[in-house]
Each structure stands twice: as C-alpha cells, then as structure tokens.
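A short worksheet on the structure shown next.
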Number of protein chains: 2
Amino acid sequence: MTPARNGRHDREHIVGVALDLLDRYGLPDLTMRRLAAELEVQPSALYWHFASKQDLLAAVADRILERIPAPQGDLLATARRVRDALLAYRDGAEVVLSSAALRPGPSRAHEALRAALGESAPGGADIAATAVLQFILGHTSLVQQRMHGESHGAAADAPDQDAAVFDAGILMLTRGAGAADPIAARG
Amino acid sequence: MTPARNGRHDREHIVGVALDLLDRYGLPDLTMRRLAAELEVQPSALYWHFASKQDLLAAVADRILERIPAPQGDLLATARRVRDALLAYRDGAEVVLSSAALRPGPSRAHEALRAALGESAPGGADIAATAVLQFILGHTSLVQQRMHGESHGAAADAPDQDAAVFDAGILMLTRGAGAADPIAARG
DNA sequence: ACCTGAACACCGTTCAAGT
DNA sequence: ACCTGAACACCGTTCAAGT
C-alpha cells in the first residue's frame, strides 16, 4: 500500500527531518547542506527528491498546516488553533508565510477560517477569511521572530501581551464580520 | 551643520544606495558584497559603518517608514498610507516586518495608526494599533512576495483582489474597534 | 531509481594592516 | 577615521558519473 521506496529516503521522511531541524535550530540554519548531513547523504542527493529549497520549504509548510484540526467552533477558537499550529514549530509562521505567497488556491488554514466565518462577512466569506489569515500570519511571524531575538538579550515581558493583541485583533475582525459575539463563548 | 564626513560614505548615503538596490533587485539580491561593489568599496568597509547586515536592514526599514505622512484622517485612509509606504519599494514589507520584530518600542507606523484609532478600541488603542499593523504587514508581505513569484510565470489576476482583501480587513477591524464608519468617508 | 564527487558562483563576518 | 586585503567558514545548485 505504501508507495515505492527503494532509496534510503523519500519526500515524506526528508520533510520530517527538515521539520525537526527547523524546530531545533531555526530557519536561518535550515540549509540544504545541514539537512543532507543530518540524513548522512551528499547535498546533491536532495535535488533528486526536491526541485529546489523553495520546493522543500513548501512541503514543510504543508506539514505544519496539517496540525490544524477540522473546522469547528467560532472564529476566535479557530483562529487560535491556526496560530497554535504555527507556534508549534520554531519559525513556523515565517515558513508558511513565505510559501503561502506562491500558492494560488486556499490552504487548510483558509478553509478552517472560512468555515468559522459563515456567510455573513462583508465582501464575501472568502475575502474575509483571507484577511483573517493574513493577520494571523503577520502577528505570529512577528512574535516568533522576536522570540529568538531576545533569547539571550532583551526583556521577555511579552507572553501575555502577545495573546492580548491576538485576541483583540480577532475580536475586532469578528465584530466587523457580523458573526456571533465571541465574548459570550468560551475560548 | 552637517555631521562630520571625512570618508567617502556615511550611513545615510549607504542606506540610500541599499534602498535603491533593494528596489531594483529584491531582498534576496541585496547582499553586503553587492552593496559594497555598488559603492566601489571592499565588503569589509561596510562593517565600519554597520555592526551587521541586520543593523543595515534596520536602518533601511526606518527609511521606508519615513514615507508615512503625519497622522491624519480615519483608520482606512491611514492604513492605506502605511501599506503604500511598504509598497513603494520592492520587498518593503518583508524588510520592515523582519526588523520590526527586533524593535521594542512603537514605530512611525504604529503611531499613525494609534492616532487614527482614537480611544474607543477594546483593550486599549495601543493594542488595537498593534493588531492593525500586524495585519498590514502580513497582507503586504504576502502581496509583494507573490509579485516576483509570478513575474514571468503564473497569472497576475490579483491587482483588484488584493485591494478588496485589504479594505475588507481594515473595515472589519474598524467596526470591531468601534470607530467611525469609514463607508461614509471617502478613501 | 537514487546517490556520489566535484565543481561553480556565490555568501556574512573578522581582523591585521594600511593611510 | 576610514578603508584594503586576505582569510574563514559557509551557502544553493548543476551535472557527469556511478550502482
């Protein structure tokens, strides 16, 4: 049932190792050469499985997005689940943001948000879901980049502040979309 | 009145050349070595003026943000001005997003949005302005990255679609913040 | 089908030394 | 004060050749 696997590594396995490297060392240190070394293979071997580093990162982004559960609940709860999927791996938001730009169609994240928005958004739920996703990606990218910027330097007074900004943003977007008030619902 | 300038290049001049290089070739091709070549100088010479490439990019980001006019008008108009400042240079949003993460205090963009928001936002105008800025950075980064992704390949059917998503996002955020309805106001 | 070996054309950064 | 020259430790990608 599993697809042909004659070589030592297939795409799925390589993406898994890449994701582990990403989480441990961050995006700047996720290089084709380090990934190859981790797989005990020459760097050129990766180019049989992936056309380019961008292609590899797109597959990594898809894997990150798979963590998003099936659509369920209101917008705030759904948005938090998308954010948490991005936060689950170091630099997850930046990877998804970078490769989301190349994709034309809707992603798993977009679909979840669209389902939570219903039909009542101004200009269509599709457009509203896109806007919400863009906020989540911008917010989470900023948060994650600040994380290793202050890893051994500045003050780390932001854990609660970030959550407050996120909730405020989603709340504002929710009210503007005319959806049910999430204040009454539990997060 | 101008500060001491014995050498061939000072920080202001270098940032200007870097910004020109950014706009012509994009962020991936804005390297210290190319910048040095453009200035007809050795790469190591740049490290007398800037501590690192990140330091240089932070100065470039500040220069991009200077294009934002003084606070004036409602949130939609202000948000559009911030977006347009980012769009004025290739990859402008990504540069600002990357170096905004390291800055703790509020930027020129944040101040403009905060002024437009008034005092009526839930959780405070400061938090609301941060959320709006994060949406703008996420949105514009996505738009700009898609631009040179499709420069010689896929369909470019997105000029109006992007503006619709942006306006919808700001509109939703505006209503949620309880500010004056921007539909009645002209953009 | 899958990988090696070697090369090409680059990177950011440091540091002694020059002027 | 400002820059050169040379080096260090890397990059992504291609491609003939092996098995």
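Here is the naming used below: chain letters follow the sequence lines, and residue numbers restart at 1 for every chain. Computation of the quantities below employed the complete heavy-atom set of this structure, encompassing side-chain atoms and omitting hydrogens, waters and symmetry-equivalent molecules.
We find that CE of B:M32 is positioned 16 Å from C1' of D:dT4, with the value rounded to whole Å. Atom CD1 of A:I14 and atom C1' of C:dA1 are 13 Å apart (whole Å). In this structure, B:F50 places its CZ atom 13 Å from P of C:dT13, rounding to the nearest Å. Rounding to whole angstrom units, NZ of residue B:K53 and P of C:dT13 are separated by 8 Å. Between B:D29 atom CG and C:dA9 atom C1' the separation is 13 Å, expressed in whole Å. Across the protein-nucleic acid pair, B:E40 atom CD and D:dG5 atom C1' stand 18 Å apart, rounded to whole Å. Rounding to whole angstrom units, CG of residue A:L39 and C1' of C:dC2 are separated by 14 Å. Rounding to whole angstrom units, CG of residue B:L35 and C1' of C:dC11 are separated by 14 Å.
Distances from the side chain of B:V41 to the nucleotides D:dG12, C:dC15, D:dC3 place D:dC3 closest. Taking the side chain of A:W48 as heavy atoms from C-beta on, and the options C:dA1, D:dA6, C:dT4, the nearest nucleotide is C:dA1. In the set C:dA6, C:dC3, D:dG5, the nucleotide with an atom closest to the side chain of A:H49 is C:dC3. Closest to the side chain of B:R33, from the set D:dG5, D:dC15, C:dC11, is C:dC11. Side-chain atoms of A:A45 lie closest to C:dT4 of the nucleotides D:dG12, C:dT4, D:dC11. Comparing C:dG12, D:dG12, C:dT4 by their nearest atom to the side chain of A:S44 picks out C:dT4. Between D:dG12, C:dC11, D:dA6, one nucleotide has an atom nearer to the side chain of A:Y47 than all others, and that is D:dG12.
Distances shorter than 4.0 Å separate some side-chain N or O of A:T31 from OP1 or OP2 on D:dC11. Phosphate proximity of D:dC3 to B:Q42: absent, as no side-chain N or O sits under 4.0 Å from OP1 or OP2.
Relative to the ring axis of A:Y25, A:R34 places its NZ or CZ within 45° and under 6.0 Å from the centre.
For the P atoms, the distance from C:dA9 to D:dC10 is 22 Å, rounded to whole Å. Nucleotides C:dC8 and D:dC11, compared at atom C1', are 12 Å apart to the nearest Å.
Taking 4.5 Å as the limit, some side-chain heavy atom of A:L56 sits within range of a side-chain heavy atom of A:L35.
Under the 30°/60° scheme for interplanar angles, the aromatic rings of A:H139 and A:F166 are found to be tilted.
With respect to the salt-bridge test (charged N to carboxylate O, under 4.0 angstrom), the residues B:R24 and B:E38 qualify. A salt bridge links B:R80 to B:D167: at least one charged side-chain nitrogen sits closer than 4.0 Å to a carboxylate oxygen. A salt bridge is defined here as a Lys NZ or Arg NE, NH1 or NH2 lying under 4.0 Å from an Asp or Glu carboxylate O, and B:R11 with B:D55 meets this definition.
The partner of C:dG12 is D:dC8, judged by Watson-Crick or G-U wobble contacts that both fall below 3.5 Å. Nucleotide C:dT19 forms a pair with D:dA1, judged by Watson-Crick or G-U wobble geometry with both contacts under 3.5 Å.
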